[in-house]
Protein chains: 2
Amino acid sequence: MSKSNDPIDRIARSCIAVRVRLLNRVITNLYDDALRPLGLKVSQANILVVAAKLGVARPAQVCELLNLDASTLSRNIERMQAKGWLEVVPDEDGRSQPFRLTAQGRKLLETAVPAWEQAQEKATALLGDAGVEMLHKITRPLGLSTKPY
Amino acid sequence: MSKSNDPIDRIARSCIAVRVRLLNRVITNLYDDALRPLGLKVSQANILVVAAKLGVARPAQVCELLNLDASTLSRNIERMQAKGWLEVVPDEDGRSQPFRLTAQGRKLLETAVPAWEQAQEKATALLGDAGVEMLHKITRPLGLSTKPY
DNA sequence: TCGACTTGGTTGTATATGCAACTTTAGGCG
DNA sequence: CGCCTAAAGTTGCATATACAACCAAGTCGA
């Protein structure tokens, strides 16, 4: 029964990144499947939700909340703006490009709630209640909810 | 103190996908940072490890193990083959394109072990022992280790 | 044996993601 | 004021990821 001590075996057996990434693919596909009829991806839904919560969102703030690279967010916003879900608002600080939901974006988000519920239910079944709780505990210090959002 | 029942608030507070994806970004960056000096990304390291374990790996099998789309793997292999880390071997079944590590690929993987150890240590600190255990428990039924690998 | 179906991969297209380098705007400081 | 640095975004580039459509090879039943 003794497990090999070969480092490569150890990695195969215990690598955290492999597991987290695997889980990420499974969960992301689950939500993407649920949202597909709406033409929405979970990555975009995240941003809609943050925008809804913040009212006017500054990219730098969103990057911090979601641990997203600024360039990634920049392009996501670009696409979502093109779809009419977000709009950029002016700011005194000339560097900033704050954005917010459009009416269309808000409506889309509201329409998406049932699909989200459905995916969330499946995900909960997959992780188990203890798993969900642990996930929240682990991710609480990371960006989200560190600061009130 | 009472929390809002607005569905959007509920999503912001409890969405599993948001958390898993956030965690994925944090962990992936952690390992990518550690592996960067070697010119290796954690996604590629995953594949090297699987190839090392399997000897000769069939893409379909790897996709099942890692819950990866076939087209994704196809292109990952392509890139890694171009770098000389993998080689495709012939098969009786003309459809199959099994691959395995090259000597160079094996050497790279061995060289990467210390960097992996370092990232793994940081990730463990981040998740906590209970978190790591829970992660393994949750992901055990998903692809990996369902079948002996 | 032939045709329908299945299995295994690849290709076209779109999105997501991050690093490096760059531009623009603010903020200090002499 | 004029310069230097810091902060906020954007752009070029590479990789990762998945869906849809496709092609090729194997399987199986009539």
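Side chains are part of it too, since the values below use all heavy atoms of this structure and drop only hydrogens, waters and symmetry mates.
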Atom-to-atom span, CG of B:N24 to C1' of C:dT15 - whole angstrom: 15 Å
Give the rounded distance in Å between these two atoms: CG of B:L68 and P of C:dG9. 13 Å
Of A:D93 and B:I77, the one whose closest nucleotide on DNA chain C sits nearer the 5' end is B:I77
Taking donor-acceptor contacts at under 3.5 Å, does the side chain of B:R95 reach the base of C:dT7? yes
So which one's nearest nucleotide on DNA chain D is more toward 5', A:R58 or A:V26? A:R58
Separation of C:dC19 P from B:K41 NZ (nearest whole Å): 8 Å
Please list, in 5' to 3' order, the outermost nucleotides of DNA chain D lying under 4.0 Å from any heavy atom of chain A. D:dA7 to D:dC19
Heavy-atom neighbours of B:E121 CD exceed 12 at 6.0 Å: no
Same cluster or not: B:V113 versus B:L48, using hydrophobic residues (I, L, V, M, F, W, Y) connected whenever any side-chain heavy atoms lie under 4.5 Å apart? yes
Gap between atoms CD and C1', on A:E92 and C:dT24 respectively (whole Å): 17 Å
Less than 3.5 Å apart, which donor and acceptor atoms pair up between the side chains of residues 86-94 of chain A and the rest of the protein, not counting sequence neighbours?
residue	atom	partner	partner atom	Å
A:E87	OE2	A:R100	NE	2.9
A:D91	OD1	A:D93	N	2.8
A:D93	OD1	A:R95	N	2.9
A:D93	OD1	A:R95	NE	3.2
A:D93	OD2	A:R95	NH2	2.9

Side chains of A:N24 and A:R21: any donor to acceptor distance under 3.5 Å? no
May I ask you to test the A:I77-A:V62 pair for a side-chain heavy-atom distance under 4.5 Å? no
Quick check: on DNA chain D, is the nucleotide nearest A:R25 upstream (toward 5') of the one nearest A:L73, or the reverse? Name the residue that is more 5'. A:L73
At less than 4.0 Å, is any side-chain N or O atom of B:S74 found next to OP1 or OP2 of C:dT10? Yes or no. yes
At less than 4.0 Å, is any side-chain N or O atom of B:N29 found next to OP1 or OP2 of C:dG18? Yes or no. yes
Classify the nucleic acid contact of B:S43 as base, sugar-phosphate or nothing, counting any heavy atom under 4.0 Å across all strands shown. sugar-phosphate
Contacts of A:Q44 and B:D33 projected onto DNA chain C by closest heavy atom; the upstream (5') one is A:Q44
Under 4.0 angstrom, heavy atoms only, what part of the nucleic acid is A:T72 near: base, sugar-phosphate, or nothing? base
Should the heavy atoms of other residues, nucleotides or ligands under 6.0 Å from CD of B:E133 be counted, would the total exceed 12? no
Quick one: is C:dG9 close enough that its OP1 or OP2 comes under 4.0 Å of any side-chain N or O from B:S96? yes
How about B:V49 and B:L109: do any of their side-chain heavy atoms sit closer than 4.5 Å? yes
In whole angstroms, how far is the C1' atom of C:dA16 from the CD1 atom of A:I47? 10 Å
Is the distance from OP1 or OP2 of C:dT17 to the nearest side-chain N or O of B:R21 less than 4.0 Å? yes
Picking from C:dA16, C:dC19, C:dG12, the nucleotide nearest the side-chain atoms of B:R36 would be C:dC19
Separation of C:dT15 atom C1' from A:N46 atom CG, nearest Å, is 14 Å
Please report, rounded to the nearest Å, how far the P atom of C:dA20 is from the CG atom of A:D69. 10 Å
A:Q97 CD - C:dT24 P separation (whole Å): 13 Å
Mind checking whether B:V20 and A:V26 have side chains closer than 4.5 Å, heavy atoms only? no
So A:D32, base contact, sugar-phosphate only, or nothing? Heavy-atom distance under 4.0 Å. nothing
